[in-house]
Amino acid sequence: METATIDRAFLARPGLDVAPDLLGSVLRHTTPEGTVAVRLTEVEAYQGADDPGSHAYRGRTPRNEVMFGPAGHLYVYFTYGMHFCANVVCDVDGTATAVLLRAGEVIEGASLAAARRLSARAPREYARGPARLTSALGLGRSDNGVDLCSVGSPTQLLPGPPVDATRVRTGPRVGVSGPGGDGDAYPWRFWLDGEPTVSPYRPHVPKRRK
DNA sequence: AGAAGGATTATCT
DNA sequence: GATAATCCTTCTG
């Protein structure tokens, strides 16, 4: 039988609870070009109304509509005029929380990932960063809202090899400012310690005058 | 090695 | 009209 996807009920809780449990899971995407699969090594949780860093903070809009839907769907958004980022929608229908997929290790389709990531100098850079991850997988606008939990879907979230829980680390999210612009208020970024594919951006370096 | 600026457009104020 | 859950190239030390 086909490999089972991650259960939707597993994702139907707050993104903050789901995020660390998603480390080590595998996102696989198949297109006419072929299949690429990524084992997740770095993620970030985004909550709803209480989280100023979340797209859902100011309520439902056409862009973030998918976040408010049922768990187990993919929320893909376009940013900085040239990049896509992907989230796994969590929590129950009507409550908007999600997990941003920041980085991972390509474990299937390395040659196709390389073709999509021409600037990468080493395989570890194929999906090292949120926009790089979507690029390596070939995800874009048309993948916004797709179901990740149905067998036979071209885009699936699958269980990965077991993860050593003692390797899970947490820290401030990247590119998110808290109240007063003084860095992220919450340590809602999770990664696997020692993974070469974890994006290297330093957690919140305050700008210093020279 | 580290810092700085450009690319490029959807989205919301 | 400003900003953005970013990445890449180029400049400087």
Please confirm whether the shortest side-chain N or O distance from [X] to OP1 or OP2 of [N] is below 4.0 Å.
{"X": "Thr61(A)", "N": "dC12(B)", "answer": "yes"}
{"X": "Arg128(A)", "N": "dC7(C)", "answer": "no"}
{"X": "Arg102(A)", "N": "dT6(C)", "answer": "yes"}

Open item on the list: Looking at Arg8(A) and Ala71(A), would you say the former's side chain and the latter's main chain have a donor-acceptor pair under 3.5 Å?
Closed with: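 A pair under 3.5 Å: yes.
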
Task: cation_pi(Arg169(A), Phe190(A)) dist<6.0 Å, angle<=45 - done: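 That pair does not qualify as a cation-pi contact.
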
Open item on the list: A cation-pi test, strictly: NZ or CZ of Arg124(A) under 6.0 Å from the centre of the six-membered ring of Tyr126(A) and no more than 45 degrees from its axis. Yes or no?
Closed with: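 Verdict for Tyr126(A): no cation-pi partner in Arg124(A).
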
Whole angstrom is fine here: how far is it from [atom1] in [X] over to [atom2] in [N]?
{"X": "Leu118(A)", "N": "dC7(C)", "atom1": "CG", "atom2": "P", "value": "16 Å"}
{"X": "Tyr77(A)", "N": "dA4(C)", "atom1": "OH", "atom2": "P", "value": "12 Å"}
{"X": "Gln47(A)", "N": "dA5(C)", "atom1": "CD", "atom2": "C1'", "value": "14 Å"}
{"X": "Glu44(A)", "N": "dT6(C)", "atom1": "CD", "atom2": "C1'", "value": "12 Å"}
{"X": "Tyr126(A)", "N": "dC7(C)", "atom1": "OH", "atom2": "C1'", "value": "17 Å"}
{"X": "His55(A)", "N": "dT6(C)", "atom1": "NE2", "atom2": "C1'", "value": "12 Å"}
{"X": "Phe84(A)", "N": "dA4(C)", "atom1": "CZ", "atom2": "C1'", "value": "15 Å"}
{"X": "Tyr57(A)", "N": "dC12(B)", "atom1": "OH", "atom2": "C1'", "value": "15 Å"}

- [ ] Return the minimal non-hydrogen interatomic distance between Pro14(A) and Gln47(A), and the atom names on each side.
- [x]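 Minimum heavy-atom separation between Pro14(A) and Gln47(A): CB-OE1, 4.2 Å.
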
Task: Smallest separation among heavy atoms of Arg13(A) and Thr97(A), with atom names - done: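 Smallest interatomic distance, heavy atoms only, reads O-OG1, 4.0 Å.
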
TODO: Could you check whether Arg121(A) gets within reach of a base, just the sugar-phosphate, or nothing at all, counting any heavy atom under 4.0 Å?
DONE: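 Nothing: the residue Arg121(A), judged by heavy atoms under 4.0 Å, touches no strand.
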
Open item on the list: Any strand counts, and the cut-off is 3.5 Å on both contacts for Watson-Crick or G-U wobble. Which nucleotide pairs with dA4(B)?
Closed with: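 Across any shown strand, dA4(B) pairs with dT9(C).
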
Throw together a table of side-chain donor-acceptor distances under 3.5 angstrom for residues 57-69 of chain A, partners on residues two or more places apart or in other chains.
unit_1	atom_1	unit_2	atom_2	d
Thr61(A)	OG1	Arg63(A)	N	3.4
Thr61(A)	OG1	Asn64(A)	N	3.4
Thr61(A)	OG1	Asn64(A)	ND2	3.4
Asn64(A)	OD1	Thr61(A)	N	2.7
Asn64(A)	ND2	His55(A)	O	3.0
Asn64(A)	ND2	Gly59(A)	O	2.9

Task: Spacing of the P atoms in dA5(C) and dA3(B) (rounded, Å) - done: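 That atom pair is separated by 22 Å.
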
Open item on the list: Judged by each residue's nearest nucleotide on DNA chain C, which is more toward the 5′ side, Ala120(A) or Gly175(A)?
Closed with: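 First, find each residue's nearest nucleotide; the 5'-ward one identifies Gly175(A).
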
Check: protein-nucleotides 5-10 of chain B nitrogen or oxygen pairs below 3.5 Å:
unit_1	atom_1	unit_2	atom_2	d
dT8(B)	O2	Tyr80(A)	O	2.6

Task: Glu105(A) bridged to Arg39(A) by N-O distance under 4.0 Å - done: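 Yes, Glu105(A) and Arg39(A) are salt-bridged.
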
Task: Candidates dC7(C), dC8(C), dA5(C) - which lies nearest the side chain of Ala131(A) - done: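 So the side chain of Ala131(A) is nearest to dC7(C).
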
